[in-house]
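Notes follow the structure.
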Amino acid sequence: MFATYLIGLREGLEATLVVSILVAFLVKSQRRDRLPQVWGGVGLAVALSVLFGWLIEYTSTSLLARSEDRELFEAVTSVAAVVFVTWMIFWMRRAARTIAGELRGRLTEALAVGSLAVAGMAFLAVIREGLETALIFYSAAQGAAGDSGPLLALLAGIASAVAIGVGLYFSALRINLSAFFTWTGALLILVAAGILKYGVHDFQEAGVLPGLNDLAFDISATLDPSTWYAALLAGMFNVTPAPSVLETVAWAAYAVPVLALFLRRPASPAGATAPAPSAAAAGVTEPTGTASASPRA
């Protein structure tokens with residue numbers, strides 16, 4: 001359940017920070033009359049994200065009659081989730097320094113257009129995180145049918161993200177966003193590696209890939225699947241005591257290079273010596289150090 005909590009926390013905080021930047025800019029610009037459009041766009045994005053998650057679950061459990069089709073569907077969604085996780089992690093690391101200024105510029109343009117443009121911008125800013133969350137959650141929670149634990153963990157992660165975002169907005173919290181996104185990004189890469197391993201297993205069960213019974217190793221005697229710690233490892237990172245050779249190769253081929261690339265310190269842009277002034281003006285500092293959001297005038 002920690003994996004789904006981490007997904008909710010990470011994705012929820014990204015969405016919360018985006019909304020905080022938009023709200024802070026409107027408040028500082030004396031445009032509180034546009035806040036209902038922002039919240040309307042956010043609400044619509046959340047509703048569609050929930051609908052998307054339900055549609056994925058309904059497709060898997062009700063529309064696909066054959067077990068082979070369900071395995072194939074789960075495998076495809078797992079691979080798609082890994083792609084989204086990887087893209088999201090590296091995108092956030094690259095865009096974090098300029099996201100506040102970019103959002104303020106787009107919102108300025110939207111204000112000039114009208115209410116629908118403001119709502120549309122808020123919607124687009126949140127819907128990406130929502131759809132990613134639904135897809136990644138479905139892939140991470142596979143095998144927990146009938147268990148409400150993963151869903152509760154996801155909701156707890158989102159609630160924690162909202163609480164952190166509110167604390168940042170009202171200057172009640174100081175958090176090192178750079179460290180937060182680095183550590184959660186590294187953990188999510190391991191979660192994604194486990195999702196990919198699960199997807200390869202589903203491809204093997206669907207008959208698309210060979211080698212289902214070719215085990216890389218079997219440590220069932222040491223890592224008893226019935227123990228709590230084995231269940232914890234399986235739930236967090238899909239570590240199983242008897243994986244196939246192809247599963248193990250897929251896990252290592254993804255986790256090792258992606259983790260190395262992510263932890264490598266990115267080169268600083270030429271001439272970049274300080275955070276963008278626009279981000280500080282928005283009230284949410286970039287995740288390059290300890291952030292203290294104080295957007296209220």
Side-chain angles (χ1 to χ4, degrees), residues 1 3-23 34-67 69-89 91-92 103 106 110 115-163 165-166 188 191-192 195 198-199 202:
M1 289 191 294
T4 52
Y5 174 83
L6 180 63
I7 291 168
L9 178 63
R10 168 79 186 219
E11 295 282 349
L13 187 56
E14 288 186 19
T16 300
L17 288 176
V18 169
V19 174
S20 297
I21 292 170
L22 298 179
V23 171
R34 296 300 188 186
L35 288 177
Q37 286 79 41
V38 170
W39 294 121
V42 170
L44 180 59
V46 171
L48 289 181
S49 299
V50 173
L51 177 62
F52 178 66
W54 172 84
L55 182 61
I56 295 176
E57 180 66 21
Y58 180 75
T59 299
S60 176
T61 58
S62 302
L63 298 184
L64 302 176
R66 297 194 312 153
S67 61
D69 294 335
R70 288 195 295 270
E71 297 290 350
L72 185 58
F73 177 77
E74 291 175 359
V76 171
T77 55
S78 294
V79 173
V82 171
V83 172
F84 275 117
V85 168
T86 308
W87 177 82
M88 174 265 294
I89 290 172
W91 175 85
M92 175 54 86
L103 284 173
R106 293 175 186 172
S115 300
L116 287 179
V118 175
M121 182 185 172
F123 170 80
L124 293 175
V126 176
I127 191 65
R128 180 180 64 85
E129 305 294 343
L131 297 181
E132 285 179 2
T133 301
L135 181 59
I136 298 167
F137 168 72
Y138 171 78
S139 300
Q142 287 179 19
D147 183 4
S148 61
L151 178 59
L152 294 177
L154 178 76
L155 295 177
I158 294 174
S160 300
V162 172
V166 171
L188 275 180
V191 171
I195 293 175
Y198 193 98
D202 281 339

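Keep in mind that the numbers below use all heavy atoms, side chains included, and drop hydrogens, waters and symmetry copies.
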Exercise for review: Would you check if there is a donor-acceptor pair between the side chains of Tyr138 and Ser78 at a distance under 3.5 Å?
Suggested key: no

When rounded to the nearest 0.5 angstrom, what distance separates [atom1] in [X] from [atom2] in [Y]?
X	Y	atom1	atom2	result
Asp69	Glu74	CG	CD	11.0 Å
Phe137	Leu155	CZ	CG	7.5 Å
Trp54	Thr59	CH2	OG1	8.0 Å
Leu6	Leu188	CG	CG	4.0 Å

Check: residues 41-50 side-chain donor-acceptor pairs under 3.5 Å, at least two apart:
unit_1, atom_1, unit_2, atom_2, d
Ser49, OG, Ala45, O, 2.8

Point to revise | Over 12 foreign heavy atoms within 6.0 Å of CG, Leu51 | key: yes

Practice item. Kindly check if the number of other-residue, nucleotide or ligand heavy atoms within 6.0 Å of CZ (Phe123) is above 12? Key: yes

Check your understanding: So Ile158 and Leu9, side-chain contact (heavy atoms from CB on, under 4.5 Å) or not? Walk me through it.
Key -> CA-CA 5 Å; Ile158 294 174; Leu9 178 63; over 6 Å; no

Point to revise | Result of checking Thr16, Leu22, Val18 against Ser20 for side-chain contact (heavy atoms from CB on, under 4.5 Å) | key: Thr16

**Study point:** Residues forming a salt bridge (Lys or Arg N to Asp or Glu O under 4.0 Å) with Glu132, sequence neighbours excluded
**Key:** Arg128

Exercise for review: State which residues pass salt bridge (Lys or Arg N to Asp or Glu O under 4.0 Å) with Glu129; sequence neighbours excluded, sorted by chain then number.
Suggested key: none

Would you check if [X] and [Y] make a side-chain contact, meaning some heavy-atom pair closer than 4.5 Å?
X	Y	value
Leu131	Phe84	no
Val38	Val118	yes
Glu11	Met88	yes

**Study point:** Taking every non-hydrogen atom, the tightest pair across Gly8 and Ala161
**Key:** O-CB, 4.3 Å

Review point. Would you call Glu14-Arg10 a salt bridge at under 4.0 Å N-O?
Key: yes

Exercise for review: Determine, step by step, whether Ile7 and Leu154 satisfy the side-chain contact (heavy atoms from CB on, under 4.5 Å) criterion, reporting the C-alpha distance in whole Å, the side-chain angles of both residues, the deciding distance to 0.1 Å, and the verdict.
Suggested key: CA-CA 7 Å; Ile7 291 168; Leu154 178 76; 4.2 Å; yes

Review point. After noting the C-alpha distance and the side-chain angles of Thr77 and Leu135, does the key distance pass the side-chain contact (heavy atoms from CB on, under 4.5 Å) rule?
Key: CA-CA 7 Å; Thr77 55; Leu135 181 59; 4.0 Å; yes

